[in-house]
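Here's the structure, in structure tokens; my notes come after.
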Amino acid sequence: MHQLRRHHEFEYRARSGEDLLGRVDIWTDVAAARAVLVLRDLPVGEAGRALNALNDSVLPYLLRPDTKLLVLALHPAEEGVKARALVLPQSA
């Protein structure tokens, strides 16, 4: 796999109605048949909304429609807490 985008900033609308910034790393295999998205610096409950914003803005230009996605949402780091990731279903 190779990295297609690193720390790409995008805007999404939170449940509260405010527009927030998120970051994503996008990895693809050589044929672009599979891709891994790593959502960063998002509140846990907002990952689905952020993924929907990416589907409407950036992903159609970077990936083929038949690309299989694996989406990971990294929880923001907390002091003394080990980093964790949440795997989102493709339909999130």
Side-chain angles (χ1 to χ4, degrees):
M1 296 208 120
H2 68 277
Q3 197 168 36
L4 191 60
R5 291 284 188 272
R6 182 172 185 245
H7 300 298
H8 177 79
E9 284 192 342
F10 65 96
E11 192 173 81
Y12 68 96
R13 179 145 304 172
R15 291 185 202 282
S16 63
E18 62 183 312
D19 293 330
L20 300 175
L21 286 178
R23 291 185 304 156
V24 65
D25 295 338
I26 303 173
W27 297 80
T28 63
D29 63 0
V30 175
R34 294 181 305 144
V36 176
L37 276 62
V38 181
L39 299 170
R40 300 177 173 275
D41 303 329
L42 301 172
V44 177
E46 299 294 339
R49 289 180 166 274
L51 180 57
N52 287 338
L54 283 170
N55 280 330
D56 291 340
S57 60
V58 131
L59 293 182
Y61 299 102
L62 297 176
L63 304 175
R64 297 186 332 226
D66 61 340
T67 301
K68 294 184 183 195
L69 292 178
L70 174 64
V71 182
L72 303 171
L74 291 180
H75 298 199
E78 295 178 22
E79 189 174 328
V81 177
K82 189 175 181 180
R84 302 270 184 217
L86 172 68
V87 179
L88 296 179
Q90 183 176 352
S91 61

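Numbering of residues begins at 1 and proceeds along the displayed sequence.
In this structure, the separation between CG on L59 and CG on L37 is 5.5 Å, given to the nearest 0.5 Å. Rounded to the nearest 0.5 Å, atoms CD1 (I26) and OG1 (T67) are 11.0 Å apart. A distance of 9.5 Å separates CZ in R13 from CZ in R49, rounded to the nearest 0.5 Å.
Contact detail for L39 and A47: the closest heavy-atom pair is CD1-O, 3.9 Å. Closest non-hydrogen pair, G22 versus L42, comes out as CA-CD2, 3.8 Å. The shortest heavy-atom contact between Y12 and A53 is CB-CB, 3.7 Å.
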Please walk me through it: do L62 and T28 pass side-chain contact (heavy atoms from CB on, under 4.5 Å)?
CA-CA 10 Å; L62 297 176; T28 63; over 6 Å; no
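In this structure, L74 is a member of the same hydrophobic cluster as M1, with clusters built from ILVMFWY side-chain heavy atoms closer than 4.5 Å. Hydrophobic clustering (side-chain heavy atoms under 4.5 Å, transitive across Ile, Leu, Val, Met, Phe, Trp, Tyr) keeps V24 apart from L21.
Of the candidates H8, R6, R5, R40, D25 forms a side-chain hydrogen bond (donor to acceptor under 3.5 Å, both in side chains) with just one, namely R40.
The environment of R34 atom CZ is sparse: at most 12 non-hydrogen atoms of other residues, nucleotides or ligands sit within 6.0 angstrom.
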